[in-house]
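This is a predicted model, so every value here is computed, not measured. Whatever order the structure lists ligands and atoms in, that order sets their numbers, starting from 1.
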Amino acid sequence: MSDQHLGTSDLRDPDTDPTAAYALEPGYVRSLTDGVLATTGRTEPTYAPVNGQPLGMVPQSSTGDVAEAFERARRAQRAWARTSLAERSAILLRLHDLVLDRQAEIMDLICWESGKARKHAFDEPLHIALTARYYARTGEEHLATQRVPGLVPGLTRVDVNRVPKGVVGIISPWNYPFTLALCDGIPALMAGNAVVAKPDSQTMLTALLGKRLLEDAGFPRDLWQVVAGPGGEIGTAIVERADYVCFTGSTATGRIIAQKCADRLIGCSLELGGKNPILVLRDADLDRAAEGAVRASFSNAGQLCVSTERMFVADQVYDRFVEKLVARTQAMRLEPGIDWGSDMGSLTSRQQLETVTAHVEDARAQGARVLTGGRARPDLGPFYYEPTILEGVTPEMTCFGTETFGPVVSLYRFGDEADAVARANAGDYGLNASIYTRDTARGRVLAREVKCGTVNINEAFGATFASIASPMGGMRESGLGRRQGAEGIHRYTEAQSVATQRLVRLSPMLGMSDETFAKVMTANLRLLNKLGWK
Ligand code: NAD
């Protein structure tokens, strides 16, 4: 996807159109864009998807600026790595409170830059508060030096240190512009690293508000650098310099980044796309399933990596479930603007609108039925599209297996559960799944058969995504590595083993021959195994 998501025909130019005033105070915008390291003198405008109104101008970085950002971050990291875990935790807990205190401002910017409904924008400060709290309270548990059993009981002491990688590059997309800009960086900072971040060009201001909040909470200014510009140029410059890369975005870009990281022999975690299934079993609470299915499919107008695009519904309950699902979808309020009250917002760009329209028109042309939705709503704003439910989708239709990343879900009937799981597992993705059943134990057994990194039982996606202790990420082409939980912080550390050998050497002593040494060692091995030694 290109970095400027709005087509020029969608924009209102404040120089020629008197009704096109900037939506945000220029002073406020400057207070945020001060946080970008950019010396090119070039700026790019940002625009609100809800109405095409200009928001402000964002300075653009050069690859030289990226190099300078890494210099500054490296200097800051050397001092930061010497701070105590208690000090880092205290700052994270302040961030938690700040994000909750300033949630209205955060949600305003998210809504302006992404076009999402305010109720979906709320998920973002919530997720950052949860992430800050979790890593503040568990940093010690994940990062403290650990004693592990050594070769010779009592005489080989082994300490495992968690050493920060250094400077982490974070490249993030536009769809959850606050949380995805920050959530992966929080454990990186907690583990003693610095960050150089490149948010998507569409949503720079939201990401810069995140940087401002990190500073207000007490993180040193240079510890978190932000650069701006096209992914191919500025993102690449980050991958060429970072000690570790955390990327969230499309599978196509993730593949390019993985190749570059492989060349440099550095690690990366990749949070990529999905074509996520819901399974509604015959014993499901259908009202609950329909409520969850609406949220799973239409949160942020379906522009959510873990949102549902395929629903497999048991034959016995199919008709009743579909009736409830369609009724709930038709009752959704679509309202323009950024205030509370709308159940679904705008798509974020013309490109998104074109993809969604193309997928639905292709399905319709090849015989799929549109149960509800299926059309753009220019009366609400340039990129609004109705929540859409399709039936009769077949493998030759684009939306059967390709991620739409929009408010479009396809319904499929199933007779037996093994078949439903096999169809849910078809394709290359494996990010998130949901299972609705009253028999939750049975649901957990079935979950093990589903090839997805997260499975929610009787919930859309929030139960895993907002439980920060649970690792989150994709199997197969949905990603590499995990955010959240222990994995989410250990990825930013090198495990360093320090073994201290006391009294005996690990070689023959006191004139012992090699052969006798081997016999003594063999006898020891047998004894330790009998004693259950690890
Ligand atoms: P994208 O891959 O086009 O862009 C994401 C980021 O990568 C942007 O900041 C962009 O500037 C940058 N970028 C682009 N090309 C680059 C390159 N060659 N080198 C370095 N950086 C580059 O993704 P998108 O289309 O904007 O985002 C939507 C996709 O992201 C969807 O597929 C969605 O499923 C996925 N996503 C995944 C998660 C997750 O957690 N798994 C979360 C959100 C979105």
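- Under 4.0 angstrom from ligand 1, there are no non-hydrogen atoms of Val306.
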Let me check something: any side-chain donor-acceptor pairs from residues 266-275 under 3.5 Å, sequence neighbours excluded? List them with distances.
| unit_1 | atom_1 | unit_2 | atom_2 | d |
| --- | --- | --- | --- | --- |
| Ser269 | OG | Tyr244 | OH | 3.2 |
| Ser269 | OG | Arg491 | NH1 | 2.8 |
| Glu271 | OE2 | Arg483 | N | 3.3 |
| Lys275 | NZ | Glu309 | OE1 | 2.7 |
| Lys275 | NZ | Cys399 | O | 2.9 |
| Lys275 | NZ | Thr402 | O | 2.7 |

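- Heavy atoms of Val239 found under 4.0 angstrom from ligand 1: none, in either backbone or side chain.
- Heavy atoms of Arg483 found under 4.0 angstrom from ligand 1 belong exclusively to the side chain.
- In this structure, Gly474 has no heavy atom closer than 4.0 Å to ligand 1.
- Contacts between Leu180 and ligand 1 below 4.0 angstrom, taking non-hydrogen atoms only, involve the side chain exclusively.
- Using a 4.5 Å heavy-atom cutoff, the side chains of Phe219 and Leu92 are in contact.
- At a threshold of 4.5 Å between non-hydrogen side-chain atoms, the residues Pro173 and Leu180 count as touching.
- Contact of the Arg476 side chain with the Leu431 side chain is not registered, since no non-hydrogen atoms from C-beta on lie closer than 4.5 Å.
- Remark: ligand 1 and Lys198 share an N or O pair separated by less than 3.5 Å (distance only, no angle test).
- Among Gly273, Ser269, Gly249, the residue whose heavy atom lies closest to atom 35 (C) of ligand 1 is Gly249.
- Among Gly479, Gly231, Ser172, the residue whose heavy atom lies closest to atom 9 (O) of ligand 1 is Ser172.
- Only the side chain of Leu431 comes within contact range of ligand 1, with a heavy atom under 4.0 Å; no backbone atom does.
- Residue contacts with ligand 1 for Thr248 involve both N, CA, C or O and side-chain atoms from C-beta outward (heavy atoms, distance under 4.0 Å).
- Within the 3.5 Å criterion, the main-chain N or O of Gly302 finds a donor-acceptor partner in the side chain of Ser307.
- With a 4.0 Å heavy-atom cut-off, ligand 1 is reached by no atom of Ser201.
- Of the possible donor and acceptor atoms, none in the side chain of Glu113 sits under 3.5 Å from a partner among the backbone N and O of Cys111.
- At least one donor-acceptor pair under 3.5 Å links the side chain of Asn300 to the backbone N or O of Asn175.
- Of the candidates Tyr176, Phe405, Phe465, the one placing a heavy atom closest to atom 28 (C) of ligand 1 is Phe405.
- Here Ser31 pairs with Tyr28, Arg212 under the side-chain contact (heavy atoms from CB on, under 4.5 Å) rule; sequence neighbours left out.
- Evaluated by nearest non-hydrogen atom to atom 38 (C) of ligand 1, the leading choice among Gly473, Cys305, Ser478 is Cys305.
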